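Have a look at the structure below, then the notes.
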Amino acid sequence: MPIAELFLGAFLQVLFDRLASRELFKFAQRERIDTLFKKWEKMLKSIKEVLNDAEDKQLTGCHEVKSWLEDLENLAYDIEDLLEEFTIESTKSKFKAEPGTSKAHSLLPSCCFTMSPRALMFNHKMRSEMGELDARLGKIIELKNGLGLRKNEGERLAYRQLGKPKRTTNLPEPCFVSREDEKREILKLLVREEDDRTCADLEVIAIVGMGGVGKTSLAQQVYNDAGVTHYFDVKKWVCVSDDFDVHAITKCILQKTNPSLPCNDKDLDWCQEKLKESLLGKKFLFILDDVWNEDYEEWSVLLKPFESGAKGKKIIVTTRNRKVALMADAQLITLELLSLDDCMTLFVSHTFGVQNSNHRPRFEALGLQIVEKCKGLPLAVKTVAGLLRTTVNPCDWEDILNSKIWNLSEGRNDIIPALKLSYLHLPSHLRRCFAYCAIFPKDYEIKHDELIHWWSAEGLLEGKGGKNRWNLGLNYFNELESRSLFQKSSTDGSRFLMHDLVNDLAKLVAGATHYGSGEFEFEGDQNNASLVRHASFIPNRRIVPEKFKIYHQMKRLRSFISLAKHSYPWICLSQKVLCDLLSKLKYLRVLSLSRYNISEVPDCIGDLSHLRHLNLSYTNIARLPKSIVGLYNIETLMLRGCESLIELPEDMEKLINIRFLDITDTPSLRAVPLYIANLVGLEMLSKFIVGTETELRLKELKKLKNLREELCIFDLHKVQDVGDAKDVDLLAKEGICRLTLQWSKDFENSRNEELEAKVLDFLRPHQNVKNLMISYYGGIEFTSWLGNPSHVHIVHLHLHECRRAKALPSLGRLSFLKELHIEGLDAIHRIGFEFYGAESPFPSLTTLEFRNMPLWEDWSHCFGSKEGVVFPSLEHLVLMNCPMLIKRLPSELSSLIRLEINSCPRMDASHSDIISLPSLNELEFKGCNEGVLKSLVDLTSLTTLVIKNAAKLTCLNREFTNFLIKLEKLHMGGCNELMFLWQDRDVVEKLGCLKNLCVWECPKFMSFVAGEEDIKLPNNLEIIRLLECVNLEKLPSKMHTLSSLRRLIIRDCPKLMSFLETGILTSVRSSNINRYDMSQSLPTGLSIYSEGPSSSINHVDMTSCLQELAIYGCKSLPASPFSEGRFLPATLKKLIINRCSGVKSLAEIILDGRQSLQVIEIESCINLRSLPQGLHTLSQLTSLKLRSCPALELECFPPLPPSISTFFLWDCPNIKGLPNQLNQLTCLHDFSCAVMRFPDGGLPPQLRALYVGIRGNMKQPVEEWLTPLTSLQVLWINSNAGGVGKEEDLALPPLPSLHRLWIYNMENVERLSSNLPSSLRSLTIRRCPKLRELPQDGLPPSLERLVIYECGILEERCKKGTGCYWHLIREIPEIRLNSRLIS
């Protein structure tokens, strides 16, 4: 049974606080409605008194009480909305009524004062609404009295009964999978050897994870391990559960430790004293299973007797809450979800066991799909497996597969109580926040900062004055995560997920008030739309009005959040459709339209007086409407990534409640409003643009004392008075952790170097700044605070384009610095001791980049006369475009993992310079002298080596290659002097791990090794690519021994002759031969045969792994490349022959036995005259594409196999007819052709895509061959198709399934008929110069995209705003006129 709201107590408290608001009460007195408010408050308090009993009753199955609670919740929402209206009007009247408050009065738009509050409040609508709410509240009270609800007293019995978990024992489960690493880690902690240094204190280990993840099962395995049993003198198991009663737990442990000791009537002191005696000098292990207690005092009391034990005493607790582990100061063991393979093993064991294993093959596919639904949760796997254990009926399995796990029989379902317990243990304020997450679809990756903003806008955060709401929201989120209700994404550490079953729990809890896109599947469900208060929307790339239809019914909606689940660059939506939606949703508090391709925000947004959060990030807007300054309730305005935004409204300072203004990444925004610093409540102003004397000055930032997170100050070169920088007092803004200081990019005109230096000096930030970027600074020296560890604790530092700075500060003294990027410092000549600043510099630095340093020559690593270890922790080093740099790298880089050296041509190393890189995994060496390579030693960890444009490099020398014992990837390109890869065959033996080899654009590259000797390439090679090596003459003759090679690509290697002798290797799966002009036949590896009996030839297929063969631009191939016994391997799946002008015949291709062939593509073979014989025998052939073969003459195209699904025949003018019985190809779905006529019987009726480019004039009427295609979804058609386009009216036969339609070259058409199908989504019209009329009743409402090219008359009529057809098309999400997007 779904759970009704269990947070109504917290919700009602919000109403009490609102009703008790001093300002609102004064307003109510003035408007003579204070008596009504007092009445409501009294009635709501009487309801709150029985709320616990009501929630208990509905949890135990009372439907009447559940219905009453749902009505109460909806009423509470409506009352809060009304009180919000009162608050808004109260504030407006306050600003209007108070004389002498011109400043405050000016902070509100004039539209607020066009009607008196009394006239507004007591019009007919408001009176009616108040009367309705009063009546509903009276009805709620009446029903309450009839339900026999009791006042809150004593403990919540229903909570205890519903949430009571099953008691656990120490006996292990018979089937335990995975968790070997975690078990090994715990055993290591438990049974490690004790010595004199071992701490005598009690050690606690906590196993943490979400409900049902297997914490208890792992603890049971550890508890019953033989080594554990032998190691400990005493070990006992205690199931604690949610009732953390210190006395009861102590008594339980005592009874298990000393069974003969009676203690039923003994108090806590006696029990603890006896337990202490029992444990004295003993090494014990206690498992406390399922602990929920977070109270440190209770925990401390429980542990008192345990201190008497011996060294090595341990406790293991299992818990869902990480805070329990922290409270216990425990070693944390976190359990993640199981892999799919482990879940399948668990499922099979519990479903089939050993005796019924013979049923397994029949159900394996269904079982895998069922297990995937469990998303790695062992409890869900075992529960479903238990339900299926007694049935071998496939229908029962499919029922389980198609059911929600929550809907399974609760009597046999342990999942619901297990996860419901997590919810019941949440405090009421967290329940509301958790329930809000019901709007998220499954697998949606949540940004926690966005969610906190939404919680705040919805009033779910209870911070006073709003100053601490963000931190409070962060605490709430972290609390939910610590309780395993959120999990970190495995792909993005900044995002979080809810397990599918936790997501289901949130939806059960939230009920009808929370809606996720697409949840109302049936018409009956839509009756609930009016109850929805919080909703998400999952957009397609283009949104038609129908998609918003259900939201129009949500009149009281508070949150409309568009969630981009797909990675669309833009989401298209017409302004008309957006305006229609917003006009229906007057109570919105949260509106998120991030990544919508909207260029204008409707003016009607100013009517959303309740709005607190507006997200228009990554939209195409240039400016906001003036009406937006009327939203003085707004707290958050997100405009991040609005690249076209050029200005903010002049009166933005009227948004007196705004706290977050995010204008990050808005390059077109060159100024911010003059009085924006008057918004003293701002906590985030991501971009502050300094103006001139008459504009916004830097010193105005002083007023914004609450700024935090990110601040970017632009145009600092405009500061004329250094006192402005001093007044800012960045040092006092301790909430800022990311700071950017940017001057002008223009260094050509005069810059006041001394002034800029003083400005930077006064802009010293607080120590909390972790990320600092200084761009285009014009001073000669950097400020002293930048290299002072007592001033800053910077972790990431970027010095960008500070072109006049002649020396770097002592950055080596910054002990917290992890990443340092130095770029475009044009005046730097030398970097030495002043950069390090200490003898042990950069202790934490892991990433160092120097880029675009044109005058940098000398890099010293010495302290006095001795070279020191300057980067002990460095893992990633980049040197790019430093053309004058001579000195070598530091010699001690033992931690370096990745090294990139690019365009440093003068950098060299003497014979005595040795640079040891034992940890290096990746080396990119581009545009540099080969001498640097020779200085690198100990490259025994290197797995990736990329060398490009290495001057004078002729081959990799022996000494260097000998280190490459782990090399997996070798890419060499653009090395003009490279002749060979290796000096001799012996060094190749060192490259046993090499898998990927690529050589490109090396004009002198002749062979793999020097000399005439042949070599055997490394056995593990999987990919070889040889590109544009014009002098490459031969491949190793032993290439056929490479059993691991899967892909071979050769392009533009005209002299390569030995390939013809070697052939394609037996292991190769994909071979690409491109512009191989010297090849006069195909590789002999395609044809090896032996003589058999005289009556036949038995072909021996030696290329049994080849799956793809692509031949491009081999102009010298003979007329019959598959003659002389060459044949295709039986394993071949894809054959491509493209731009081979010498090929005339493919008739010699033997297709018999080539049943793996799936794709054939032949294109631009201008002399081809024949096709392979027996195409119809290829039973697996799914795609045949033939294009631009003008010499190919066929009266009738040969028969095709029944398996064909894609047939493409284009630009082959001498093919007179299509295959006979084309209509019998039942698998054909995608058909493209340019022919004179279709065969008798027409086209296959199941076609889904048809591209028709008719040559000449087809005589067959279009109705004859198009009407039967009732499944057609895509149609491309021109004017020659059976009379289409010859008349003034363009009328196509009914095509009920059509999604996309292209109409081309209809020179006579003037009118488009009105019989376009209602399923149509995209319509493209091109080169129809006379077309002037669209259907009178408009285009189908399903249309998402309208594209019009080279149709002058129609384009004029469809112009935005002025065209006579604009009113018919303005709701279409995407409209393009000659490639220009207008909607």
Side-chain angles (χ1 to χ4, degrees), residues 326 448-449 470-471 474 478 488 493-494 664 684 686 707-713 728-742 760-775 777 781-800 802 805 807-823 825 828 831-851 859 861 863 868-879 889-890 892-899 919:
L326 297 175
H448 77 284
D449 53 343
W470 174 265
N471 289 333
L474 189 59
N478 291 338
K488 273 195 176 181
S494 65
T664 307
M684 181 183 190
S686 58
L707 289 180
R708 60 174 189 79
E709 295 297 323
E710 182 175 9
L711 174 63
C712 302
I713 307 177
V728 169
D729 196 13
L730 281 182
L731 189 60
K733 301 186 189 304
E734 60 184 53
I736 296 174
C737 58
R738 298 186 299 276
L739 176 65
T740 296
L741 304 175
Q742 181 169 313
L760 178 59
D761 197 43
F762 279 121
L763 291 179
R764 171 184 159 192
H766 191 273
Q767 287 184 348
N768 289 343
V769 166
K770 299 296 185 290
N771 195 326
L772 174 63
M773 182 174 184
I774 301 175
S775 288
Y777 167 63
E781 295 182 351
F782 286 100
T783 178
S784 60
W785 59 255
L786 190 55
N788 193 327
S790 64
H791 289 175
V792 289
H793 293 167
I794 299 171
V795 177
H796 306 275
L797 175 61
H798 194 161
L799 303 179
H800 176 253
C802 303
L808 292 171
S810 300
L811 301 178
R813 301 171 64 199
L814 302 180
S815 57
F816 294 94
L817 190 63
K818 290 186 176 181
E819 292 190 16
L820 175 58
H821 304 265
I822 299 174
E823 179 178 5
L825 271 63
I828 296 289
I831 296 177
F833 181 74
E834 78 288 344
F835 175 55
Y836 306 117
E839 292 191 3
S840 300
F842 297 110
S844 304
L845 193 70
T846 58
T847 298
L848 174 62
E849 295 188 3
F850 291 101
R851 298 176 184 266
W859 188 8
H861 321 298
F863 305 101
V869 179
V870 289
F871 303 111
S873 303
L874 194 65
E875 297 178 356
H876 185 191
L877 173 61
V878 177
L879 299 172
L889 303 174
E892 291 289 337
L893 293 171
S894 59
S895 299
L896 198 65
I897 295 174
R898 184 176 181 185
L899 173 61
S919 301

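These numbers were taken from a predicted model, which means no experiment stands behind them.
- Under the 4.5 Å side-chain criterion, counting only non-hydrogen atoms from C-beta, I828 is not in contact with I822.
- When the side-chain contact (heavy atoms from CB on, under 4.5 Å) test is applied to H766, the partners found at least two apart in sequence or on another chain are E734, N768.
- For E781, the CD atom is loosely surrounded, since the number of other residues' heavy atoms within 6.0 Å does not exceed 12.
- The aromatic rings of W859 and F850 sit perpendicular, their planes meeting at an angle over 60°, well past the 30° parallel limit.
- Nearest heavy-atom pair, S810 versus E834, reported as atom, atom and distance to 0.1 Å: OG-O, 2.9 Å.
- In terms of the ring-ring contact (aromatic ring centres under 6.0 Å, His included) criterion, residue partners of H800 (sequence neighbours excluded) are, by chain and number, Y776, H798.
- S873 places a side-chain N or O within 3.5 Å of a backbone atom of P843 that can act as its donor or acceptor partner.
- Using a 4.5 Å cut-off on side-chain heavy atoms (C-beta onward), V878 and H821 make no contact.
- For the atom pair CG (L877) and CD (E849), the distance works out to 9.0 Å, reported to the nearest 0.5 Å.
- Between the side chain of S686 and the backbone N or O of L711, no donor-acceptor pair lies under 3.5 Å.
- In this structure, S844 contributes its side chain and S815 its backbone to a donor-acceptor pair below 3.5 Å.
- R813 is not listed as a side-chain neighbour of P841, based on a closest heavy-atom distance of 4.5 Å or more.
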>> V769 vs L730, test: side chain to side chain contact (heavy atoms under 4.5 Å, CB included). Steps then yes/no.
In response: CA-CA 10 Å; V769 166; L730 281 182; over 6 Å; no

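- Counting non-hydrogen atoms of other residues, nucleotides and ligands closer than 6.0 Å to CD of E892 gives a total of 12 or fewer.
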> Does the salt bridge (charged side-chain N to carboxylate O under 4.0 Å, His left out) test come out yes or no for E875 and R898, once each step is laid out?
Replying inline: CA-CA 6 Å; E875 297 178 356; R898 184 176 181 185; over 6 Å; no

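- Annotation: side chain of F842 is in contact with side chain of L820 (closest heavy-atom distance under 4.5 Å).
- In this structure, the side chain of S895 does not engage the main chain of L874 through any donor-acceptor pair within 3.5 Å.
- Between F816 and I794 the shortest side-chain heavy-atom distance does not fall below 4.5 Å.
- The aromatic rings of F871 and Y836 lie perpendicular to each other, with more than 60° between the two planes, well past the 30° mark.
- Atom CG of N771 sits about 7.0 Å away from atom OG1 of T740, to the nearest 0.5 Å.
- No donor-acceptor pair closer than 3.5 Å links the side chain of T783 to the backbone N or O of L760.
- Rounded to the nearest 0.5 Å, atoms CD (Q742) and CD1 (I774) are 11.5 Å apart.
- Contact detail for L817 and E819: the closest heavy-atom pair is CD1-O, 3.5 Å.
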